[in-house]
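Take a look at the structure below.
Computation of the quantities below employed the complete heavy-atom set of this structure, encompassing side-chain atoms and omitting hydrogens, waters and symmetry-equivalent molecules.
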Amino acid sequence: MDEKIYMFMETVDERFRSFVSEINEYLTGNGCKSDIKLQKSGYVVSYVLNGGKRTLATFVSRKTGMKLRIYPEHIGEYESFLDTLPEKVKKEIKKASVCKRLINSDDCNPKCVMGYTFSLDGERYQKCRYMAFQPTLSEENNPYIRQFLENELRTSK
């Protein structure tokens, strides 16, 4: 690991350091390249698939805690998994911003990558890719975060 990952790890809540380290090892061990940048709000650590073509996940720091933003390009292949998520995570997904571009392609920046259409608890959603799936690290959420990443890696191969 390079020096930046150690500096990032120092900013992670002690309770979640082993989980963040486990996710880092899992993703880099499965062909993801990590990209670590220091921003105003703290470190942002992205994991990129396929030689830099697609970001799979990004650790972001928020006032409410560390989150892992997941970009599930293949969500349609395992969307029933969403129904197993903890209620708090489902609530966050449901209240995330709608993808304006999916609803009307003229309503958003044409360079913006479209969001996701998926079902959750029997209801259809069209959510922004940057807001939809960003669970906060917690004892309850972490196993689901890992499963989410495993599902996406499995279906993207």
Side-chain angles (χ1 to χ4, degrees), residues 1-79 81-82 85-86 88-89 92-93 95-102 105 108-118 125-157:
M1 286 197 283
D2 72 27
E3 190 178 320
K4 283 184 183 176
I5 194 74
Y6 291 114
M7 291 165 57
F8 161 66
M9 290 301 280
E10 288 297 313
T11 68
V12 175
D13 185 317
E14 213 172 277
R15 297 173 299 161
F16 306 125
R17 281 188 191 152
S18 65
F19 176 72
V20 170
S21 180
E22 174 190 317
I23 293 299
N24 180 67
E25 288 173 27
Y26 174 71
L27 293 176
T28 56
N30 277 281
C32 292
K33 182 183 177 298
S34 66
D35 180 36
I36 304 165
K37 293 179 180 148
L38 181 58
Q39 294 187 335
K40 202 167 49 174
S41 61
Y43 283 94
V44 173
V45 182
S46 297
Y47 295 91
V48 182
L49 276 169
N50 304 330
K53 290 189 167 71
R54 177 169 95 77
T55 301
L56 171 64
T58 303
F59 281 109
V60 291
S61 297
R62 295 287 183 259
K63 287 178 184 171
T64 56
M66 172 106 15
K67 294 180 175 275
L68 184 64
R69 181 180 294 142
I70 302 169
Y71 302 98
E73 299 298 315
H74 301 92
I75 191 68
E77 295 178 46
Y78 59 91
E79 71 180 16
F81 164 75
L82 297 176
L85 294 171
K88 268 187 173 176
V89 176
E92 286 177 8
I93 293 170
K95 75 175 192 178
S97 304
V98 169
C99 176
K100 295 176 192 171
R101 197 138 182 250
L102 278 171
S105 60
C108 197
N109 183 331
K111 292 181 181 177
C112 181
V113 180
M114 276 196 211
Y116 307 105
T117 300
F118 58 91
Y125 293 93
Q126 293 184 307
K127 297 292 184 175
C128 173
R129 73 181 267 113
Y130 302 103
M131 304 302 290
F133 305 107
Q134 51 180 353
T136 303
L137 301 189
S138 72
E139 285 82 3
E140 182 184 19
N141 295 351
N142 292 355
Y144 294 93
I145 292 171
R146 170 78 188 227
Q147 270 187 282
F148 208 147
L149 294 170
E150 288 170 352
N151 283 331
E152 187 59 27
L153 277 174
R154 182 178 34 77
T155 57
S156 66
K157 289 183 179 176

Non-hydrogen atoms of I145 and P135 that approach each other most closely: CG1-CG, 3.6 Å

What one should report as the nearest heavy-atom pair of T155 and H74 is OG1-CB, 3.2 Å

Could you tell me whether K88 and E92 have a side-chain N and a carboxylate O separated by less than 4.0 Å? no

Check: C128 main-chain N/O paired with R101 side-chain donor or acceptor under 3.5 Å: no

Could you report the tightest heavy-atom contact between K4 and Y43, atom names first, then the distance? O-CE2, 4.5 Å

Heavy-atom side-chain contact between F19 and V12 under 4.5 Å: no

What are the two closest heavy atoms between A96 and K127, and how far apart are they? O-NZ, 2.6 Å

Parallel, tilted or perpendicular: rings of F133 and F118 (30°, 60°): tilted

Provide the closest heavy-atom pair for N109 versus K111 in the form atom of the first, atom of the second, distance. OD1-N, 2.8 Å

Which side-chain N or O atoms in residues 54-68 pair as donor and acceptor under 3.5 Å with protein atoms at least two apart or in another chain?
{"residue": "R54", "atom": "NH1", "partner": "Y71", "partner atom": "O", "Å": "3.1"}
{"residue": "R54", "atom": "NH2", "partner": "E152", "partner atom": "OE2", "Å": "3.0"}
{"residue": "T58", "atom": "OG1", "partner": "S46", "partner atom": "OG", "Å": "3.1"}
{"residue": "K67", "atom": "NZ", "partner": "T136", "partner atom": "OG1", "Å": "2.9"}

Just so I know, are the side chains of Y130 and S97 near enough to count as touching, which here means a heavy-atom distance under 4.5 Å? no

Sorted by chain and residue number, the side-chain hydrogen bond (donor to acceptor under 3.5 Å, both in side chains) partners of R129 (sequence neighbours excluded) come out as E73, Y116

